[in-house]
Amino acid sequence: MAVDEKETGFVKEIRKQAGDFPGWYNDVVRKAQLADNSPVAGTMIVRPYGYALWENIRDPLDRLIKQTGHENWYFPALIPLSFLQKEKDHVAGFAPEFQLVTKGGGKDLEEPLVLRPTSETMIATVLRDYVQSYRDLPVLTNQWNNVFRWELKPRFFLRTREFLWQEGHTFHETASEAEQEVAKMLDCYRRIAEEWCAIPVLTGRKSESEKFAGAQYSTAIEGMMMDGKALQMGTSHYFGENFSRAYDLTYTGRSNEQQYPHSTSWGMSTRMVGAVVMAHGDDSGLQLPPRIAPVQVIVVPIFRSDVERTQIASALTGILDALDDIRVKVDWRDERPGFKFNEWELKGVPVRIEIGPRDLASGQVTVVRRLDRAKKPVPLAELQTTIPAMLEHIQEALFKRALEFRKGHTVRLDSLAAMVGFFEESIGFVITPWCGRAEDEQAVKEATMATTRVIDRELPPGSQACAVCGRPATVEVVWGKAY
RNA sequence: CGGGGCGUAGCGCAGCCUGGUUAGCGCGCCUGCUUUGGGAGCAGGAGGCCGCGGGUUCGAAUCCCGCCGCCCCGACCA
């Protein structure tokens with residue numbers, strides 16, 4: 001059904017996406033009541049609607065983490081500074097982001113405590129006591145918590161000085177088992193992003209310069225936002241024996257020799273909420289994939305008199321029964337229907353049911369989907385099958401649209417000059433052959449602001465020349481401007 | 001940390017330059033009536049240490065000094 005010209009641009013409270021994407025994002029987050037500024041610089045208040053959205057991402061991820069054999073733990077938020085200092089690369093990478101607690105009980109502490117930026121150091125230290133034998137391995141831990149990093153340019157959900165996430169930490173007897181773990185958990189993240197959040201992602205290794213401080217290598221899922229910029233939505237790292245050695249975590253192996261376990265870590269954060277906003281939203285506001293939408297169906301009753309109100313209320317009991325397995329909310333507030341339509345569109349609810357006197361008279365309701373505002377009457381008897389099918393369809397349509405968008409904004413190039421031209425005129429990703437040198441990343445960044453996002457695949461030796469410097473390429477890499 | 005801007009009602013702002021009785025506007029909020037199929041109208045009402053401290057002055061939101069906080073632009077990151 002075509003959208004009437006007059007039916008666009010309802011939401012006047014938010015800036016337009018085109019032209020001021022960051023401003024649009026900021027407005028949507030606040031007006032849709034996902035989050036708000038807090039009294040403390042760089043931190044945010046996550047409001048109930050935003051937290052419900054996070055829970056709907058968190059819960060399926062928690063199930064995946066448990067299904068893959070991990071157990072939830074909780075480790076302290078305060079970490080002795082000396083713990084962090086034991087792994088050179090790690091402390092070098094995170095030191096600028098430390099927030100310290102130096103006093104307690106009115107006196108200086110003997111040793112400053114760091115508000116955890118991540119827990120590798122604490123967990124390696126603690127597990128020294130729990131891991132004695134190869135029989136104790138693997139140890140598969142996860143924890144849901146908050147972490148602190150002194151970010152310079154805070155953005156709702158994308159970068160704040162305190163954020164929520166899960167961090168998994170595992171310890172294995174062999175390198176290959178640990179590496180399989182890294183890949184397995186990255187795939188869990190891919191599934192959450194694609195199957196739940198309807199955001200297609202690229203997966204692969206990060207370059208040396210983009211990897212996690214202290215890792216042997218890092219992998220990530222990267223999505224494209226509607227401004228063509230890349231957002232890293234989850235990471236999974238292989239540490240080899242780096243942390244085990246730094247924290248003197250050993251076990252007795254099968255041949256009675258002291259061994260260092262191979263460890264991994266992986267995390268996904270509330271940044272996913274920001275990803276959902278930026279991957280699917282439009283000028284009317286949020287657009288939520290049905291599987292994670294806190295409200296999947298909003299019902300707006302329309303009535304003039306108390307009699308009509310009562311009639312609609314009684315018709316609604318049957319409707320709510322039919323939609324038993326769906327997150328339905330009825331908006332009985334004393335506002336005009338038009339106001340409610342706009343507000344729930346701003347909040348991204350996938351499907352709206354309007355029910356008024358005209359509907360009652362013909363035994364139907366009017367169903368409108370957020371996707372394209374397509375409106376159609378549905379007989380009451382068909383709701384039970386129509387609505388779930390519609391939600392499924394919207395979930396798929398959002399994913400396909402995001403996938404088409406990414407494909408339409410991804411090009412293969414083979415020279416720095418072409419890359420410069422692309423990033424000047426266009427938005428999106430560029431794929432090139434690359435030799436892997438950090439100097440090339442620096443050159444590209446200076447010329448285009450783009451950085452390597454993930455390494456797509458290895459190339460046969462000598463098959464192609466690096467797009468940046470012309471040396472023999474070893475990999476195919478994805479470049480993009482990133483959040 | 002370097003450059004620019006801003007602090008006045010919950011939010012967005014005017015007033016300041018050129019000091020002067022009761023500090024204003026829009027949105028939002030409260031009450032009532034009329035409304036209700038794409039952001040309602042009218043009437044009434046509540047709400048202010050004018051960022052903080054000091055100074056000048058008979059008198060300061062307004063002028064001067066200091067401080068604090070916030071936002072935007074240049075080096076890190078889930």
Side-chain angles (χ1 to χ4, degrees), chain A residues 3-14 20 22-23 26-27 30-31 36-42 92-98 117-118 145-155 157-168 189 193 206 209-213 218 220-223 230-237 265-275 284-285 300-306 308-309 312 331-346 352-361 365-366 368 373 375 377 445-446 449 451 482-483:
Chain A
V3 177
D4 192 300
E5 276 293 309
K6 286 180 292 188
E7 293 192 352
T8 57
F10 285 125
V11 178
K12 305 175 188 76
E13 297 163 356
I14 55 179
D20 189 5
N26 211 52
D27 288 346
R30 291 193 347 201
K31 298 280 163 56
D36 216 334
N37 288 316
S38 92
V40 180
F94 278 104
E97 301 180 32
F98 287 171
T118 179
N145 62 21
N146 55 343
V147 285
F148 299 83
R149 299 177 185 182
W150 196 253
E151 300 294 349
L152 298 178
K153 196 186 171 197
R155 298 277 307 277
F157 296 108
L158 307 177
R159 209 183 298 105
T160 50
R161 287 182 180 175
E162 178 187 5
F163 60 90
L164 305 178
W165 75 345
Q166 58 66 220
E167 48 175 323
Y189 293 155
K206 303 297 281 188
S209 58
E210 294 278 334
K211 79 179 183 186
F212 180 84
S218 292
I221 60 172
E222 293 270 343
L231 183 69
Q232 178 171 305
M233 301 190 299
T235 50
S236 186
H237 313 289
S265 85
W266 26 275
M268 177 177 266
S269 74
T270 39
R271 175 179 268 192
M272 279 306 293
V273 174
S284 295
V300 178
I302 298 162
F303 53 88
R304 292 162 191 268
S305 62
D306 283 348
E308 283 179 354
R309 183 194 159 102
I312 286 167
D331 188 352
W332 280 113
R333 289 176 306 164
D334 185 19
E335 295 286 352
R336 294 162 73 98
F339 177 89
K340 296 178 184 177
F341 297 166
N342 284 291
E343 187 173 278
W344 291 110
E345 281 176 11
L346 168 60
R352 175 173 78 240
I353 293 180
E354 303 172 15
I355 175 166
R358 295 208 298 265
D359 297 299
L360 277 190
V365 294
T366 301
V368 186
R373 288 207 182 89
K375 186 179 284 201
K445 186 167 186 180
E446 281 167 17
M449 296 294 287
T451 52
Y483 275 96

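Chain identifiers are assigned alphabetically (A, B, ...) following the order of the sequence lines, protein sequences preceding nucleic acid strands; residue numbering begins at 1 within each chain. Bear in mind the structure is a predicted one, so any value in this text is a computation, not a measurement.
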Closest to the [X] side chain, choosing from [options]:
{"X": "A/Trp165", "options": "B/rG38, B/rA78, B/rG37", "value": "B/rA78"}
{"X": "A/Glu151", "options": "B/rC76, B/rA75, B/rU36", "value": "B/rC76"}
{"X": "A/Arg159", "options": "B/rG38, B/rA78, B/rU36", "value": "B/rA78"}
{"X": "A/Phe212", "options": "B/rA78, B/rA75, B/rC76", "value": "B/rA78"}
{"X": "A/Lys153", "options": "B/rA75, B/rC77, B/rC73", "value": "B/rC73"}

Tell me: [atom1] of [X] to [atom2] of [N], nearest whole Å?
{"X": "A/Asp306", "N": "B/rU34", "atom1": "CG", "atom2": "C1'", "value": "15 Å"}
{"X": "A/Met449", "N": "B/rG74", "atom1": "CE", "atom2": "C1'", "value": "10 Å"}
{"X": "A/Asn26", "N": "B/rC70", "atom1": "CG", "atom2": "P", "value": "16 Å"}

Original post:
How far, in whole Å, is B/rC13 from B/rG55 if one measures between their P atoms?
Top reply: 32 Å
**OP:** Could you measure between the two P atoms, the one in B/rA46 and the one in B/rG3, and give it in whole Å?
**Re:** 47 Å
**OP:** Would you mind reporting whether A/Pro301 and A/Trp332 have side-chain heavy atoms less than 4.5 Å apart?
**Re:** yes
Counting only distance, no hydrogens or angles, is the base of [N] paired donor-acceptor with the side chain of [X] under 3.5 Å?
{"X": "A/Glu335", "N": "B/rG39", "result": "no"}
{"X": "A/Arg304", "N": "B/rG37", "result": "no"}
{"X": "A/Arg336", "N": "B/rU35", "result": "yes"}

Original post:
Heavy atoms under 4.0 Å, any strand shown: does A/Ala41 hit a base, just sugar-phosphate, or nothing?
Top reply: sugar-phosphate
